[in-house]
Amino acid sequence: MEYLTTQGLRMPRLGLGTYRMQGDVCRAAVESALALGYRHVDTAEMYGNEDAIGPAIAASGVAREDLFVTTKVWNENLAPDAMRRAFDSSLKKLGLDQVDLYLVHWPAPNMNLKSMFETLMKLKEEGRTRAIGVANFNIALLKTVIEEIKAPIACNQIEYHVLLDQTPIRKYMASKSLPLVAYCPVAQGRAASNETLIAIGKKHNASGAQVALRWLLDQDGVAAIPKASRRESQQANLDALNIKLDDADRKAIAALPKDQRFVKPGFSPVWD
Ligand SMILES: NC(=O)c1ccc[n+]([C@@H]2O[C@H](COP(=O)([O-])OP(=O)(O)OC[C@H]3O[C@@H](n4cnc5c(N)ncnc54)[C@H](OP(=O)(O)O)[C@@H]3O)[C@@H](O)[C@H]2O)c1
């Protein structure tokens, strides 16, 4: 496994995404992934699956210190009391005393960033989360959090894949040594059927999805959390770490359309 270091944490650069998996399906997928060697699991209160992930972790026999668990607070629960309640509930469902990373899942209109981060920092100081971070924050919001509030955020989790350019925000994040955790890293499965990626994959005895993942993980400060319910895909995504892309591959990937954003919930920050 490859790792990146952020705010004193060692984060496995490949994790398992779990959105749209719940109950027994989710439990089985997480158990399978942990048995294959995954050590990073991404969940959120909004996914309604922490209660399936907790038992999967408990059944896995993997030592807690070897696991990296991220969960997120939904944007209706950003006020201090609501966040504490949401956090307690997440921890209880996960059956853990501490998570590795607690993220603000999505910005909310009129959110009070200062009080949000005071609460997040308290959770960190209490040792209930090892680190805090954000998701779906644009450059303007990141600037406030990093340069004004000076919150020690460990990542920004955003949509990033071969079909979406994120150069401006990547540059800003790199200038602050802030890792990018890429969601939808295989473009919600589309990478597997993309002809350019399939052609590149043939050269390396790999699939289009694997090429898409390796392209992401070739970039400094980037981690990826593909969701895969099937064991074969989980294994394939781990095996993507062994591919070596060349300059011609990177050139072909650079020429793909880069304007395809697949996640657009109700309130969207302005993407700059
Ligand atoms: N912070 C946020 O706002 C946010 C938003 C969206 C997502 N996320 C996180 O990011 C994770 C990943 O994003 P996502 O689930 O939307 O998209 P994704 O990981 O890009 O794509 C998941 C889809 O790709 C398929 N797939 C995965 N590996 C494959 C492979 N090797 N070959 C062929 N198909 C493959 C999966 O199929 P099977 O399941 O059938 O195996 C599934 O249908 C989520 O699960 C969630 O944890 C966060």
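For ligands, and for the atoms within them, numbers begin at 1 and follow the listed sequence. These numbers come from a predicted model, not from an experiment.
Surrounding CG of D66 are more than 12 heavy atoms belonging to other residues, nucleotides or ligands, all under 6.0 Å away.
Judged by distance alone, the side chain of R13 and the main-chain N or O of A224 form no donor-acceptor pair under 3.5 Å. A donor-acceptor pair is defined here as one N or O able to donate and one able to accept, closer than 3.5 Å; no such pair exists between the side chain of K150 and the backbone of V145.
Residues passing the side chain to side chain contact (heavy atoms under 4.5 Å, CB included) test with A192 are A209, sequence neighbours excluded. Listed by chain and residue number, L113, E148, I149 satisfy the side chain to side chain contact (heavy atoms under 4.5 Å, CB included) test with T144 (two or more places apart in sequence, or in another chain). The ring-ring contact (aromatic ring centres under 6.0 Å, His included) search around F68 returns H40, not counting sequence neighbours.
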Can you list every pair where an N/O of ligand 1 is under 3.5 Å from an N/O on the protein?
residue, atom, partner, partner atom, Å
ligand 1, 1 (N), Q157, OE1, 3.0
ligand 1, 3 (O), H105, NE2, 3.4
ligand 1, 3 (O), N136, ND2, 2.8
ligand 1, 8 (N), Y47, OH, 3.3
ligand 1, 13 (O), C184, N, 3.1
ligand 1, 19 (O), K227, N, 2.9
ligand 1, 20 (O), P185, N, 3.3
ligand 1, 20 (O), V186, N, 3.0
ligand 1, 20 (O), A187, N, 3.4
ligand 1, 20 (O), Q188, N, 2.9
ligand 1, 24 (O), G189, N, 3.3
ligand 1, 28 (N), N237, ND2, 3.0
ligand 1, 31 (N), N237, OD1, 2.8
ligand 1, 39 (O), K227, NZ, 2.9
ligand 1, 39 (O), S229, N, 2.9
ligand 1, 39 (O), S229, OG, 2.9
ligand 1, 40 (O), S229, OG, 3.3
ligand 1, 40 (O), R230, NE, 3.2
ligand 1, 41 (O), S229, N, 3.0
ligand 1, 41 (O), R230, N, 3.3
ligand 1, 41 (O), R230, NE, 3.4
ligand 1, 45 (O), T18, N, 3.1
ligand 1, 45 (O), Y19, N, 2.9
ligand 1, 47 (O), T18, N, 3.2
ligand 1, 47 (O), D42, OD2, 2.7

